[in-house]
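Notes follow once the structure below has been shown.
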Amino acid sequence: MSQMIMKSGMRAGSRMANGFVRAGASDGVAYARPIARSAAVSVHQYQELRLRTILARCTSTEAPKAPATEPAAAAAADPPISCLDIRVGRIIKCEPHPDAESLYVEQIDVGEAEPRTIVSGLVKFVPLELMQGRPALVLCNLKPRNMRGVKSNGMVLCASDASHESVEPLRPPEGAAIGERVWFGDGNQGQAAAEPANRVDKKKMWEALQPHLKTDRGKVAGFKGQPMMTSAGACVSDTLANGTIS
């Protein structure tokens, strides 16, 4: 037996009557190392001391150390998709940005008292005449951003291919009400309220959720395989299947 555990309170290095030497310890438990058993220590005493040592080890009250947390387990879960405020809109007016050749400045009706001004980088993908009066899906709870001198109050959601050579705005179904908030899956019963724009920005909710927004092989927009829905049906891309949405 390599170690014996004895009660603390004895001076370190003192010799015991039974032939063991105490060694002090800072944790309140003294450890004893055996020396050659003398005739004063009977076999019975030796076995009893050994049994006590084993029991002391088994009943130690020291809390076990928590296992190291794996990085993947420590990572926070993605926020629910319902935190985003995506609405059906219609582009009332679209014109080139006065200071950026690649940008459009749109006035979009999303069911509010006034149209929203939104800046989109769609000049090289969609002709100006096809933007006028176009139905769209708008992410409304993004923090306003200055886009080359024009404040943009949202984002027109678009599908794109892997190379980002083809980009087109998503299209709500005919008959979807302007200002209607979309949902994902079979029904919108109990859909939670969208988060405020400041919180979406601070917690980077859009950045966490956007990689999971895609179009399927039928060009239906969705989140993790659940279709983006309105009361009139699903939202789609006109031509892009298996695309990303941003």
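For reference, positions follow the sequence shown, starting with 1.
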### Query
Is there a side-chain contact between Met228 and Leu170, using heavy atoms and a 4.5 Å cut-off?
yes
### Task
Provide the closest heavy-atom pair for Arg217 versus Ala241 in the form atom of the first, atom of the second, distance.
O-CB, 3.6 Å
Side chains of residues 136-149: which donor-acceptor partners sit under 3.5 Å, not counting sequence neighbours?
unit_1	atom_1	unit_2	atom_2	d
Asn141	OD1	Asp85	N	2.9
Asn141	ND2	Cys83	O	2.9
Asn141	ND2	Glu195	O	2.8
Arg145	NH1	Lys143	O	3.1
Arg145	NH2	Asp201	OD1	2.8
Asn146	OD1	Gly149	N	2.7
Arg148	NH2	Asp99	O	2.7

### Message
To check you understand the geometry: which heavy-atom pair defines the closest contact between Gln210 and Ser246, and what is its length?
### Response
NE2-CB, 3.7 Å
### Query
At what distance, to the nearest 0.5 angstrom, does CZ of Arg134 lie from CD1 of Ile91?
7.0 Å
### Task
May I ask whether Ile108 and Val167 are part of the same hydrophobic cluster, defined by side-chain heavy atoms of I, L, V, M, F, W, Y residues being less than 4.5 angstrom apart, directly or through others?
yes
### Task
Could you check if a side-chain atom of Leu213 sits within less than 4.5 angstrom of a side-chain atom of Phe184, using non-hydrogen atoms only?
yes
## Note on the structure
Interatomic distance, CD@Glu180 vs CZ@Arg87, rounded to 0.5 Å, equals 12.0 Å
Enumerate, atom names and distances included, each donor-acceptor pair closer than 3.5 Å involving a side-chain atom of residues 118-130, sequence neighbours excluded.
unit_1	atom_1	unit_2	atom_2	d
Ser120	OG	Glu106	OE1	2.9
Ser120	OG	Glu106	OE2	3.0

### Query
If you look at every heavy atom in Gly185 and Met229, which pair is closest and at what distance?
O-CG, 3.3 Å
### Task
Count the heavy atoms belonging to other residues, nucleotides or ligands that lie under 6.0 Å from CD of Glu114, then report whether that count exceeds 12.
no
### Message
A side-chain contact here means heavy atoms from C-beta on lying under 4.5 Å apart; do Pro79 and Leu209 qualify?
### Response
yes
### Message
Is any side-chain heavy atom of Asp78 closer than 4.5 Å to one of Lys224?
### Response
yes
### Query
Hey, mind stepping through Lys219 and Glu168 against salt bridge (charged side-chain N to carboxylate O under 4.0 Å, His left out) and telling me if it holds?
CA-CA 12 Å; Lys219 301 187 290 290; Glu168 61 187 26; over 6 Å; no
### Query
Ile245, Val200: one ILVMFWY side-chain cluster at the under-4.5 Å cut-off?
yes
#### Entry: Validation row: Ser166, Ser160 side chains within 4.5 angstrom (heavy atoms)
no
### Task
Heavy atoms only: give me the nearest Pro173-Ala234 pair and the separation to one decimal.
CD-O, 3.4 Å
### Query
Do Val182 and Ile178 belong together in a cluster built from hydrophobic side chains that touch within less than 4.5 Å?
yes
### Message
Tell me whether Leu157 shares a hydrophobic cluster with Phe223, the cluster being built from Ile, Leu, Val, Met, Phe, Trp, Tyr side chains joined at under 4.5 Å.
### Response
yes
### Query
With a 4.5 Å limit on heavy-atom distance, are the side chains of Thr215 and Val236 in contact?
no
### Query
Would you say the side-chain atoms of Asn198 pair up with the backbone N or O of Lys202, donor to acceptor, closer than 3.5 Å?
no
#### Entry: Minimal non-hydrogen separation, Pro169 against Val156, with atom names
CB-CG1, 4.1 Å
### Task
For the residue pair Ser82 and Arg181, establish whether any side-chain heavy-atom pair is separated by less than 4.5 Å.
yes
### Shortest non-hydrogen contact between Ala232 and Ala176, atoms and distance
CB-N, 3.6 Å
